[in-house]
There are 2 protein chains.
Amino acid sequence: MGRRSIKESRQKEIIEAFYTIAKKEGLENASIAKTAALININPSLVIHYFKTREYLVYGLIEYILDQYLLIYKTPAAYKGDPHKKLLKVIDNIFSHKWNVLFDDSVAYSCYSLVFRDQKVKENYKVLLDTLRGNLRALIEECNQQGVLKVKDPAAVADTIFVMVDGAYYYLSLVSNKKEYKQKLAQYKGLALQQLNLVSPSSSGKSRQKH
Amino acid sequence: MGRRSIKESRQKEIIEAFYTIAKKEGLENASIAKTAALININPSLVIHYFKTREYLVYGLIEYILDQYLLIYKTPAAYKGDPHKKLLKVIDNIFSHKWNVLFDDSVAYSCYSLVFRDQKVKENYKVLLDTLRGNLRALIEECNQQGVLKVKDPAAVADTIFVMVDGAYYYLSLVSNKKEYKQKLAQYKGLALQQLNLVSPSSSGKSRQKH
DNA sequence: AAATTAATTGAACATTCATTCAATTAATTT
DNA sequence: AAATTAATTGAATGAATGTTCAATTAATTT
């Protein structure tokens, strides 16, 4: 009875508007008023759905963390072929897709909340462990199919993500496109090394056969 | 003639107060008023020395970036002994010292400005390249003394710092002290591997000799 | 002592902010 | 049509923000 609720879709809409503002002006300058103005609603409607700005930020973080899991999205055709899937995932991580999915400015601002909010910290921990766990499972599948021989899949998965996080930390500062591309390839090579796979670029550098 | 200027010392004092507030409440909540109150001065004095809050943040970033270089501070006795010095630097990086020098919450907030401020981005780039350059020089010294055999010192230095940055990204989420210590040792081991040195912990795990 | 220069204060300003509350509008059910 | 429920608005509030400006205080030199 009564009017039917559109809570969830409205919340998502607001979060995305908030994200848009945060991308443009920084999370610290993203306000409820600006968010409301962007989608032509009243600021009090934002409060109605989120109670406080704090909860809106929580919503944003949840939204962002969900995006991270999309790097495991691979073509349905790869089902049953963990090797192909693994390579695709590595591709996703070290490619344009990463930059499309995330705005690093907002990401680092959100991450900084980890240090003052236990709940945020836990959410991030769960995500990072999930990312590692998924990669580990993928490696183990490859091991079982005999296409990979990785001794400690969990440790390798961890190492790879350590490299990913560190890599983008540096890459965010590289403005030169050519240098960016080259560095990205280099870091991808490091990840593949961890899997005892050799990247095309690094093998080309030190070929000694013939 | 006239009153002698205390500009520099006053600016430093203000920056440190601003940093203190930022550590406690987050950079986005660190205001000029709070900063002034902390050291019992008038808010307009802060403006007098920094013109705008933006420049105060620039000052803070400069202050923070200078701190990073302190990880290369080693006992004077190590002079002429690059091997000892290298190990000490690695120690500094993967130890309590890191956490004493930096507040990661403020660090990530500052870093997020990189994406909206070209000047900040350049400053960070210079720092990160300096950190890598110093480590590379240290490795080369070790090579020349025959105590290390690293093929590509520049690449290895880069890789180590990629690992460092990625390592602390994850470690910031680890609340369990024991787990933290163990992970830190593990990441340190990865760094030493890059130098073709074996860490005590990692060698103990898979010892097969007799 | 007068002149000079910098340090410092205090009042005032406009702006933006998050949030509250009551009132209204729009669906949906009985 | 009446009742119910949620969506949405609009006005208002108080607090905090960064910044400006003129005035005052304190040191240092001539």
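Each chain gets a letter, A, B and so on, in the order the sequences are listed, and its residues count up from 1.
The side chain of A/Ser31 lies closest to C/dC17, out of C/dC17, C/dT28, C/dA6. Each of C/dT9, D/dA6, C/dT28 was ranked by its minimum atom distance to the side chain of A/Ser5; first place goes to D/dA6.
Annotation: ring-ring contact (aromatic ring centres under 6.0 Å, His included) contacts involving residues 74-97 of chain A, sequence neighbours excluded, are absent. Residue pairs meeting the side chain to side chain donor-acceptor pair (under 3.5 Å) criterion with at least one member in residues 3-23 of chain B, sequence neighbours excluded: B/Arg10-B/Glu13, B/Glu16-B/Tyr63. Within the structure, ring-ring contact (aromatic ring centres under 6.0 Å, His included) contacts touching residues 23-42 of chain A (residues at least two apart or in different chains) do not occur. Residue pairs satisfying the side chain to side chain donor-acceptor pair (under 3.5 Å) criterion with at least one member in residues 128-143 of chain B, sequence neighbours excluded, are listed as follows: A/Tyr170-B/Asp129, B/Lys125-B/Asp129, B/Arg132-B/Asp158, B/Arg136-B/Glu140. Annotation: salt bridge (charged side-chain N to carboxylate O under 4.0 Å, His left out) contacts involving residues 44-72 of chain A, sequence neighbours excluded, are absent. Sorted by first then second residue, the salt bridge (charged side-chain N to carboxylate O under 4.0 Å, His left out) pairs that include residues 90-118 of chain A, not counting sequence neighbours, are A/Asp91-A/Lys188, A/Arg116-B/Glu28.
A 4.5 Å side-chain heavy-atom check between B/Ser112 and A/Tyr111 finds every atom pair outside the cut-off. Inter-residue side-chain proximity for A/Asn92 and A/Leu70 is flagged as unmet; no heavy-atom pair is nearer than 4.5 Å.
Between A/Tyr68 and A/Phe102, the distance separating the two ring centers is shorter than 6.0 angstrom.
The stretch residues 7-21 of chain B touches DNA chain C through B/Lys7, B/Arg10, each having a heavy atom under 4.0 angstrom from the strand. Using a 4.0 Å cut-off on heavy atoms, the residues of residues 33-42 of chain B that approach DNA chain D are B/Ala33, B/Lys34, listed by number.
Residue A/Tyr49 has a polar side-chain atom (N or O) positioned under 4.0 Å from OP1 or OP2 of D/dA7.
Listed by first residue number, the stems of DNA chain D with at least three Watson-Crick or G-U pairs below 3.5 Å are C:1-30 with D:1-30.
In this structure B/Tyr180 satisfies the ring pair (Phe, Tyr, Trp, His ring centres under 6.0 Å) test with no other residue, sequence neighbours excluded.
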Within the sub-3.5 Å range, which N or O atoms of nucleotides 19-23 of chain D have a protein N or O partner, and how far apart are they?
from   : atom 1 : to      : atom 2 : distance (Å)
D/dT19 : OP2    : B/Arg53 : N      : 2.7

Between protein and nucleic acid, restricted to nucleotides 2-5 of chain D and to nitrogen or oxygen atoms under 3.5 Å apart, what atom pairs and distances do you find?
from  : atom 1 : to     : atom 2 : distance (Å)
D/dT5 : O2     : A/Arg3 : N      : 3.0

